[in-house]
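The next block holds one structure in the form of structure tokens; read it before the comments.
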Protein chains: 2
Amino acid sequence: MEKYSDNPLDTKRRILEAAGKIFAARGFQGTTVRDICSEADVNIAAVSYHFRDKKNLYFDTLKYWQAAAFQKYPHIRETDASLPPEDRLRAFVFQFVSRMLNDGNASWFGKLMAKEVIEPTEALDIVVEEAVRPSFEILRSIVTELIGNVSDERTIRLCCASIIGQSLYFFYSQPVIAKLFSGNTPGFTEPELIADHVARFSVNAIKAFAIQMKGDTP
Amino acid sequence: MEKYSDNPLDTKRRILEAAGKIFAARGFQGTTVRDICSEADVNIAAVSYHFRDKKNLYFDTLKYWQAAAFQKYPHIRETDASLPPEDRLRAFVFQFVSRMLNDGNASWFGKLMAKEVIEPTEALDIVVEEAVRPSFEILRSIVTELIGNVSDERTIRLCCASIIGQSLYFFYSQPVIAKLFSGNTPGFTEPELIADHVARFSVNAIKAFAIQMKGDTP
DNA sequence: TCATAATTAAAACAATTGATTTAAACATAT
DNA sequence: ATATGTTTAAATCAATTGTTTTAATTATGA
């Protein structure tokens with residue numbers, strides 16, 4: 001048969017790569033370790049040996065691809081704080097959407113995350129604490145600056161949710177949108193165009209909020 | 001053991017009820033026919049007898065609960081066209097969110113739909129054509145009226161997507177939001193409050209759009 | 001070179017699952 | 001009431017799946 005891998009780490013990594021692809025496509029339940037091992041071109045026993053069991057492999061896969069996604073599309077930097085909040089919001093949405101929509105491997109984290117949100121397992125904690133919360137805190141600071149100091153915590157949170165919700169929709173619903181518009185979907189797939197729209201839409205909304213609230217509490 | 005059902009239709013319906021609950025909770029792959037039959041308190045063979053196989057049962061379950069959800073929360077009526085578009089948008093979002101968030105059985109359709117969107121099967125067609133498209137058309141007419149006749153089709157679609165995206169987020173992300181805010185989530189679970197926020201946020205955004213576009217094409 | 005540990009291959013196991021089979025229980029009509 | 005077709009019960013099948021076992025292969029170090 002085949003020769004052993006040149007690098008002992010190679011087998012482990014090949015499994016993680018294959019697992020990302022297949023878990024992302026079919027979910028935890030829909031994936032068999034045989035599928036993964038076949039895709040990775042390794043023996044079935046390698047999963048038990050390197051990862052103990054399927055569930056642990058799933059955890060490690062999630063962490064592996066989360067790291068990959070955030071390495072390619074890191075959180076927007078603190079130094080960007082000099083920019084006006086409108087620009088920072090657009091940059092945030094762009095990073096957020098790119099991290100998931102990015103063609104190829106990096107998008108596997110987004111798909112894994114989506115499945116985890118819709119049908120949570122014990123791994124939801126990882127997703128929330130290491131991906132959702134950091135993003136949310138950054139967004140919160142942008143929205144807070146944008147809306148001014150006239151607003152309460154609840155309003156800020158709702159506005160953040162509105163922005164995240166829009167951003168996610170363009171990712172989640174790709175198959176639905178394709179069917180709905182018969183594939184004619186200009187502006188629904190390119191991260192730049194999505195970011196432009198979501199940022200503009202949301203800035204408009206929040207600025208009007210700010211004006212309305214200033215009127216409420218003169 | 002138990003006596004037979006009083007009504008011969010009872011068995012079939014009991015299976016559909018149980019299937020809705022369990023498919024919604026665990027997805028197609030994560031559900032076993034034994035689980036469903038146990039929950040429905042019927043014999044395993046009843047599934048083959050009444051629904052041919054598991055896949056067909058899943059289809060019928062989807063249709064059954066879709067009908068139930070739309071019976072309880074129908075599309076907003078044409079007669080509402082007399083209302084201003086702001087009010088109609090709020091009513092739309094309220095119906096849309098209630099249809100999914102509604103506690104108890106009716107929410108099963110929303111959960112089934114969410115899973116179908118994230119991990120599509122052959123049943124995605126049913127979801128898009130019978131649930132998504134009709135809703136989208138209604139929303140489109142509201143947004144068109146709201147934004148005025150100065151806008152192009154693409155902008156209208158993007159605004160519709162922003163509204164649907166927000167609405168869905170408050171449903172999809174209940175588990176994430178609960179973790180993120182440690183269960184302290186006022187305004188994130190009640191359909192009325194969600195509808196208030198989403199409608200206000202979106203009306204603000206769209207009206208500003210309308211003004212900006214009027215400036216673009218004088 | 002040889003011994004020891006690490007890694008992989010191949011086969012097998014035990015449990016689960018979708019589906020079927022066979023016989024019994026039921027309802028309905030004549 | 002009896003016959004006929006319908007529905008359910010219980011057992012069984014065949015295939016799949018996660019995991020383990022055993023043996024072979026490779027790398028490493030004295």
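Order of the sequence lines fixes the chain letters, A, B, ..., with proteins taken first and strands second; residue numbering starts at 1 for each chain.
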By nearest atom, which of the nucleotides C:dT17, C:dT8, D:dA9 is closest to the B:A45 side chain? D:dA9
Find the distance A:R26:CZ to D:dT16:P and express it as a whole number of Å. 14 Å
Residues in contact with DNA chain D, drawn from residues 51-63 of chain A - heavy-atom cutoff 4.0 Å: A:D53, A:K54
Cation over ring face, B:K55 and B:F28, 6.0 Å, 45°: no
Ignoring hydrogens and geometry beyond distance, is a side-chain donor-acceptor pair present between B:E116 and B:Y58 at under 3.5 Å? yes
How close or far is atom C1' of D:dT16 from atom CD of A:Q29, stated in whole angstroms? 14 Å
Atom pair distance, as rounded to whole Å: OH in B:Y49 and P in C:dT22: 17 Å
Rounded to whole Å, how long is the line connecting atom CD1 of B:I44 with atom C1' of D:dT7? 16 Å
Quick check for you: among C:dT17, C:dA19, D:dT19, whose closest atom lies nearest to any side-chain atom of B:S48? C:dA19
Main chain of B:C160, side chain of B:R140: is a donor-acceptor contact present, judged purely on distance under 3.5 Å? no
Distance in angstrom units between A:H50 NE2 and D:dT20 P, rounded: 15 Å
Relative to the 5' end of DNA chain D, which residue comes earlier, B:R34 or A:R34, by the nucleotide with the nearest heavy atom? B:R34
Heavy atoms from C-beta onward define the side chain here; which of D:dT8, D:dT17, C:dT17 lies closest to that of A:T32? D:dT17
Contact summary for A:K115 and A:F23, nearest pair of heavy atoms: CE-O, 3.8 Å
Rounded distance (Å) that lies between atom P of C:dT7 and atom CZ of A:R13: 16 Å
Verdict with supporting geometry, B:F171 and B:F96, ring pair (Phe, Tyr, Trp, His ring centres under 6.0 Å): CA-CA 10 Å; B:F171 168 68; B:F96 190 87; 9.1 Å; no
Residues A:Y169 and B:Q166: side-chain donor-acceptor under 3.5 angstrom: no
Between B:D196 and B:R200, is there a salt bridge with N-O shorter than 4.0 Å? no
Tell me: CZ of A:R14 to P of C:dT7, nearest whole Å? 14 Å
For B:N43 and C:dT21, what is the distance between atoms CG and P respectively, to the nearest whole Å? 15 Å
